[in-house]
Amino acid sequence: DEELKEIKKMFIVACGSAYHAGVTAKYVIEGLARIPVEVDLASEFRYRNPILEEGTMVVVISQSGETADTLEALRQAKQRGFKVLGIVNVVGSSIAREADAVIYTHAGREVSVASTKAYTVQTALLSLFALHLGLLRGNICESEAQKFCFSLSRELPEKIDEVIAREDEVRALCLSLSQKESAFFIGRGVDAHICAEGALKLKEVSYINAQAYPAGELKHGTISLICKGLPVIAVSTQLSTAEKTAANIREVAARGADVYLVAPADFPQDGAKYIFSLPKAAEPLLPIIAATVTQLLAYHAALLRGCNVDKPRNLAKSVTVE
Ligand code: M6R
């Protein structure tokens, strides 16, 4: 804790879904602990000689703990004299052994190639870590921390169970989606990164070409691709940006897109063709709950297309080579 109090900057390094968990964590850590966070893909970090200033803590995230690029990033950071914290699922894995400290996610053994529970737990755990940092540095008070902890430990699993119990609704949404060859995901702020992860999942298991964009970026080029019948999955969980995302939804709907909205029931719904209403929950939990919906979308779209959801083509569970 003494060292954590002194951190001036955090550098999060990971690959794939673990990287997306890291980007989501940036929002929570900067919000609760007011520590600037930079997030990098391990395959970029290792070759670009990144600027690591004194007071920087490097955090590597990995389900398997064996990902070659992430392990190499860890080694480089250590060689340069920086402390590395590993957020790892597999106990005793290489990253867990070589990091200066480890927080295990204990998500259980993940069999399927696609990271699902590992990603969700990484995101929840990084929120808890952000909370701890915020408390240590006096940015949040005990009662706020207790409230957030309660939300994470009680409310989050309940709400995710609620979403899973509504799986049939998600499957119904996939009847049309599964027949398409491409899709867009849009969202703002943290939701843009839930979208990036949702798009990765959809591509990975259903082979539908999916692209994610921060909704405000559409006008800068991508909107030219929007056409009749194109599926656009919009994730909107934050009240502060709900109206702005709603405006983007109307723009794509006006150009003929089929909008699938994943948002709380009381958010604007104009322009959405299909809606999955998120259960009522504390706002910081909603992105994680929405991620479960996007995982189910990918899962059912893949099943409906006859794909092997556990073992997608060309992929291995653990990427131990570059
Ligand atoms: O084991 P790791 O968390 O280090 O793996 C990182 C990525 O290879 C992994 O998250 C990958 O992107 C998943 N297949 C995505 O579902």
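Counting starts at 1 for both ligands and their atoms, following the listed order.
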Next item on the list: Please confirm whether Lys201 comes under 4.0 Å of ligand 1, counting heavy atoms of the residue only.
Entry: yes

Note to self: Let's go through Lys201 and Thr116 carefully: what are the C-alpha distance in whole Å and the side-chain angles of both, what is the deciding distance for side chain to side chain donor-acceptor pair (under 3.5 Å) to 0.1 Å, and is it a yes or a no?
What the structure shows: CA-CA 9 Å; Lys201 280 290 163 296; Thr116 48; over 6 Å; no

Check: Is any side-chain heavy atom of Cys195 closer than 4.5 Å to a side-chain heavy atom of Ile186?
Finding: no

Checklist line | Whether Phe45 and Phe11 hold their rings parallel, tilted or perpendicular, with breakpoints at 30° and 60° | finding: perpendicular

Next item on the list: Please identify which atoms of ligand 1 are closer than 4.0 Å to at least one heavy atom of Gln63.
Entry: 1 (O), 2 (P), 3 (O), 4 (O)

Check: Polar-atom distance check: Val113 versus ligand 1, any N or O pair below 3.5 Å?
Finding: yes

Next item on the list: Please report which non-hydrogen protein atom sits nearest to atom 5 (O) of ligand 1, along with the residue it belongs to and the distance in Å to one decimal place.
Entry: Thr67 OG1, 3.5 Å

Next item on the list: Would you mind telling me if ligand 1 is within reach of the side chain of Glu204, the backbone, both or neither, using heavy atoms under 4.0 Å?
Entry: side chain

Notebook entry, point to check: Of the protein's non-hydrogen atoms, which lies at the shortest distance from atom 1 (O) of ligand 1, and what is that distance?
Noted result: Ser64 OG, 2.7 Å

Next item on the list: Measure from the side-chain N and O atoms of Glu66 to the backbone N and O of Ser94, and report whether any donor-acceptor pair falls under 3.5 Å.
Entry: yes

Checklist line | No-hydrogen, no-angle side-chain donor-acceptor test under 3.5 Å, Gln122 and Thr105 | finding: no

Margin query: Any side-chain to backbone donor/acceptor pair from Arg305 onto Ser206? Under 3.5 Å, distance only.
Written below: yes

Margin query: Return the closest protein heavy atom for atom 15 (C) of ligand 1 as residue, atom name and distance.
Written below: Ser17 OG, 3.0 Å

Check: Strictly by modelled atom types, are Lys159 and Thr292 linked by a side-chain donor-acceptor pair under 3.5 Å?
Finding: no

Note to self: For atom 8 (O) of ligand 1, what is the closest protein heavy atom, and at what distance to 0.1 Å?
What the structure shows: Val319 CG2, 3.9 Å

Margin query: Heavy atoms only: which of Ala18, Cys15, Gly16 lies closest to atom 6 (C) of ligand 1?
Written below: Cys15

